[in-house]
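Only one structure is covered here, and it is reproduced in the block below.
Chain letters run A, B, ... following the sequence lines, proteins first, then strands; residues in each count from 1. Here the structure is a predicted model, which means the values were calculated and not measured.
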Amino acid sequence: MLDIKIIREDPENVKKKLSLRNEDPQIIEKLYELDKSRLQLIHTTETMKENRNKVSDEIAVMKKNKENTDGKISEMKIESEKIKSLDEELKSLDKEIDDLMRYIPNLPDESVPHGKSEKDNVQIRILGDKKIFEFKIKDHLQLGKDLDILDFERGAKISGSGFALYKGKGARLERALINFMLDEQGKNGYKEVMTPVIVTRESMEAAEKVPKFEEDMYYMEKDDMFAIPTAEVSILNIHRDEILANEELPVRYCGFTNCFRREAGSYGKDTKGFLRVHQFNKVELITFCKPEESYDEMEKMLSHACGIIDKLGLHYRVIELCTADIGFAASKCYDIEVWSYAENKWLEASSVSNCTDYQSRRAMVRYKKQLENNKSKTELVHILNGSGLATSRLMVALLEALSDK
RNA sequence: GGAGAGGUGGCAGAGUGGUCGAAUGCGGCGGUCUCGAAAACCGUUAUAGGGGCAACUCUAUCGAGGGUUCGAAUCCCUCCUUCUCCGCCA
């Protein structure tokens, strides 16, 4: 979530930046007013509490001296009731503010290109050779069937549409890809982790996936738990409520998990085979770093994701998302797209995002910032995530690129 | 799943209703001493929020959330979690 202070101090600026994201800025007005009354209420209750604490101490002293305290006690009884009801008022105000804050996305960085839709995204590099095939290329469904390595029919039999069954060399290729990517990212300085894939609501909230995207998640009502849509959620929560040492930053993790997405509302769009599935495999990269380093880290992370595709020898491009298309928690995003010869279009294989302090604020991931004269200050870290990479679309491009007559 | 015992500051560990945000020890940081170091000694050492230009000050926090009370780390309830034992199980 955003820092309420930036709304308090410069609401117009926040409104302007939200407009760039195609968000309705009106909500900021309301928050500004709610925050104002919240501060007033805090002032009132804290003054009353100060008084109550004082009188309670007096009562303690009087009791020790065996003086009569009945008057003071009954007086404080009334005072305490008042405090209680004001506290309740404050609590509901807090909740109202919090509920609104959860739906306000991160603000875009100055460097992000302005735009109205995904059409305004900017291609910044195009890499790898584009092959020329002298025969009509089969799509991955056909290739998977002919080679007996992918079976979407049986996947659907087991779990419904949008679930893949990998067989034989298909399964082995998938396993090899995952191994390869983990090894490469390990060399790039990411510590490998293997995390839970079912997480609590609290973890989802810390990653800012819930409540906004609750409908996109597989949810286990009995336990109030969610299947992760990305390892970002589990890895980010490794350091929830922790204060990291200045020297240990940046902390980099990579981890492979299955990812689960209901994809509610996207039926009929890219539904074919691997183009959109409910369960897929992904190696995720997460970096916790100092605020002043996060945009440099982002470039590094992007190059680490690209490095995989370079080595696989695929034709791909990097695009910089415009203000209208960056992710909810992100201030800046790059997407990496691989070329599909059969579909004749770009497929998103990775997304690298700088989420600045947006997630760390709720997840409370902080570090001890060193100041001059041996002082230190606790400050929120910046958190970045990137796919390094997701295998499903990669598999499409790879099978196609390697196909022959 | 059943039975029992715990969860206090970076760590260890006191505290069972009234200046307790919390003794003490260790660690960390600063200093004295020293050629230097160790030891010793002195000081300092949580987080969030509010007010103030600032010095500073106030509020909240002893696993989480409720309750009792003028007043809760301390009493009551619920939940989470850790450990030990039993059962079940990949």
Side-chain angles (χ1 to χ4, degrees), chain A residues 1-9 31-99 101 194-206 220-226 234 237-249 251 258 357-381:
Chain A
M1 65 178 160
L2 291 182
D3 187 353
I4 187 82
K5 279 182 188 159
I6 67 169
I7 294 173
R8 189 180 301 160
E9 281 157 18
L31 272 166
Y32 183 80
E33 293 303 323
L34 286 172
D35 178 57
K36 218 155 102 183
S37 30
R38 179 175 170 270
L39 287 188
Q40 268 169 13
L41 199 52
I42 285 175
H43 187 76
T44 310
T45 54
E46 290 198 348
T47 310
M48 290 173 81
K49 281 177 188 173
E50 183 180 352
N51 181 251
R52 182 181 66 184
N53 288 345
K54 248 182 215 144
V55 176
S56 285
D57 286 347
E58 283 167 28
I59 290 172
V61 174
M62 287 167 76
K63 284 220 167 180
K64 211 177 253 171
N65 297 336
K66 304 242 159 40
E67 292 172 49
N68 184 291
T69 56
D70 293 355
K72 282 209 156 144
I73 287 180
S74 55
E75 191 185 309
M76 279 303 104
K77 201 169 194 157
I78 296 162
E79 195 72 357
S80 260
E81 286 303 318
K82 279 189 201 155
I83 290 173
K84 204 175 191 175
S85 83
L86 285 177
D87 267 346
E88 265 160 39
E89 215 174 292
L90 182 61
K91 208 168 141 189
S92 77
L93 197 50
D94 278 340
K95 190 177 179 313
E96 194 179 348
I97 290 171
D98 192 59
D99 286 347
M101 290 297 282
M194 194 169 272
T195 65
V197 296
I198 295 174
V199 303
T200 58
R201 178 174 292 277
E202 201 180 357
S203 290
M204 277 295 182
E205 284 176 346
M220 280 139 269
E221 192 175 8
K222 217 168 179 175
D223 302 291
D224 195 25
M225 290 179 96
F226 298 86
S234 317
N237 275 281
I238 291 173
H239 292 302
R240 168 153 52 92
D241 295 324
E242 289 184 15
I243 297 175
L244 305 170
N246 187 60
E247 318 78 70
E248 63 185 311
L249 295 174
V251 180
N258 300 123
D357 58 7
Y358 189 84
Q359 292 170 314
S360 58
R361 182 164 294 108
R362 193 174 292 279
M364 288 292 271
V365 186
R366 294 162 297 168
Y367 80 107
K368 285 276 181 197
K369 185 191 178 102
Q370 287 308 124
L371 302 174
E372 293 134 54
N373 53 40
N374 288 312
K375 292 243 165 74
S376 69
K377 190 180 165 231
T378 313
E379 199 171 70
L380 296 169
V381 300

**C1' spacing across the pair A14(B) / G2(B), given as an integer number of angstrom** = 34 Å
**Prompt:** Watson-Crick or G-U wobble partner for A5(B), using a 3.5 Å limit on both distances?
**Reply:** U82(B)
List, with names and distances, any nitrogen or oxygen atoms from the protein found under 3.5 Å away from nitrogen or oxygen atoms belonging to nucleotides 63-68 of chain B.
residue, atom, partner, partner atom, Å
G66(B), OP1, K91(A), NZ, 2.5
U68(B), OP2, K84(A), NZ, 2.9

**Prompt:** Say you pick atom C1' in G21(B) and the same atom in A72(B); how far apart are they, in whole Å?
**Reply:** 14 Å
**Residue matched to U19(B) through Watson-Crick or wobble contacts both under 3.5 angstrom** = none
**Message:** Can you see if the side chain of K368(A) gets near the phosphate of U47(B) - specifically, an N or O under 4.0 Å from OP1 or OP2?
**Reply:** yes
**Asked** With rounding to whole Å, what would you report as the distance between C26(B) and U78(B) at their P atoms?
**Response** 41 Å
Short heteroatom pairs, N/O only, protein and nucleotides 52-57 of chain B, under 3.5 Å:
none

**Prompt:** Across all strands, who's sitting opposite A48(B) as a Watson-Crick or G-U wobble pair, both distances under 3.5 Å?
**Reply:** U59(B)
**Request:** Starting from P on U59(B), measure out to NE2 on H43(A) and report it in whole angstrom.
**Result:** 13 Å
**Request:** State which residues pass side-chain contact (heavy atoms from CB on, under 4.5 Å) with L86(A); sequence neighbours excluded, sorted by chain then number.
**Result:** L41(A), T44(A), T45(A), M48(A), E89(A)
**Prompt:** Of all residues at least two apart in sequence or in a different chain, which pass the salt bridge (Lys or Arg N to Asp or Glu O under 4.0 Å) check with D98(A)?
**Reply:** R102(A), R362(A)
**Asked** What residues form a side-chain contact (heavy atoms from CB on, under 4.5 Å) with N53(A), not counting sequence neighbours?
**Response** none
**Complete:** The answer to which of R8(A) and K377(A) contacts RNA chain B further toward the 5' end, by nearest nucleotide, is K377(A)
**Nucleotide paired to A40(B) in any strand shown, Watson-Crick or G-U, under 3.5 Å** = U32(B)
Polar atom pairs between nucleotides 16-20 of chain B and protein, under 3.5 Å, N or O only, would you list them?
residue, atom, partner, partner atom, Å
G18(B), N2, S56(A), O, 3.1

**Fill in**
Those residues at least two apart in sequence (or on a different chain) that pass ring pair (Phe, Tyr, Trp, His ring centres under 6.0 Å) with Y367(A) are none
Return a table of donor-acceptor pairs under 3.5 angstrom between the side chains of residues 59-75 of chain A and protein atoms on other chains or two or more places apart.
residue, atom, partner, partner atom, Å
N68(A), OD1, D70(A), N, 3.0
K72(A), NZ, E58(A), OE1, 2.9
S74(A), OG, D70(A), O, 3.2
S74(A), OG, G71(A), O, 3.0

**Prompt:** Among all residues two or more places apart in sequence or in another chain, which pass the side chain to side chain donor-acceptor pair (under 3.5 Å) test with R8(A)?
**Reply:** D35(A)
**Prompt:** Can any side-chain N or O of S203(A) pair as donor or acceptor with the backbone N or O of V199(A) at less than 3.5 Å?
**Reply:** no
**Request:** Between G10(B) and A5(B), how far apart are the P atoms? Round to whole Å, please.
**Result:** 29 Å
**Prompt:** Should the heavy atoms of other residues, nucleotides or ligands under 6.0 Å from CE of M194(A) be counted, would the total exceed 12?
**Reply:** no
For nucleotides 60-62 of chain B, tabulate all protein N/O to nucleotide N/O atom pairs closer than 3.5 Å, reporting atom names and distance.
residue, atom, partner, partner atom, Å
A60(B), OP2, N53(A), ND2, 3.2

**Request:** Indicate yes or no: at least one non-hydrogen side-chain atom of R38(A) is less than 4.5 angstrom from one of L31(A).
**Result:** no
**Prompt:** Is U69(B) paired to anything, Watson-Crick or G-U wobble with both distances less than 3.5 Å, and if yes, which nucleotide?
**Reply:** none
**Request:** For G63(B) and A73(B), measure between their P atoms and round to the nearest Å.
**Result:** 10 Å
**Prompt:** When the P atoms of C83(B) and C77(B) are considered, how many whole Å apart are they?
**Reply:** 25 Å
**Asked** What residues, two or more places apart in sequence or in another chain, satisfy salt bridge (Lys or Arg N to Asp or Glu O under 4.0 Å) together with D223(A)?
**Response** none
**Item:** Contacts of S37(A) that satisfy side-chain contact (heavy atoms from CB on, under 4.5 Å) - sequence neighbours left out
**Value:** L93(A)
**Message:** Could you check whether E202(A) pairs with R240(A) (Lys NZ or Arg NE/NH1/NH2 to Asp/Glu carboxylate O, under 4.0 Å)?
**Reply:** yes
**Item:** Nearest-angstrom distance, C1' atom, C20(B) to U8(B)
**Value:** 12 Å
**Message:** Tell me the interatomic distance from M48(A), atom CE, to C70(B), atom P, rounded to whole angstroms.
**Reply:** 15 Å
**Complete:** Any strand, both distances under 3.5 Å, Watson-Crick or G-U wobble: C26(B) pairs with G10(B)
**Asked** Okay, side chain of E46(A), backbone of H43(A): is any donor-acceptor separation there less than 3.5 Å?
**Response** no
**Request:** Determine the Euclidean distance between corresponding P atoms of A38(B) and A23(B); express it in Å to zero decimal places.
**Result:** 27 Å
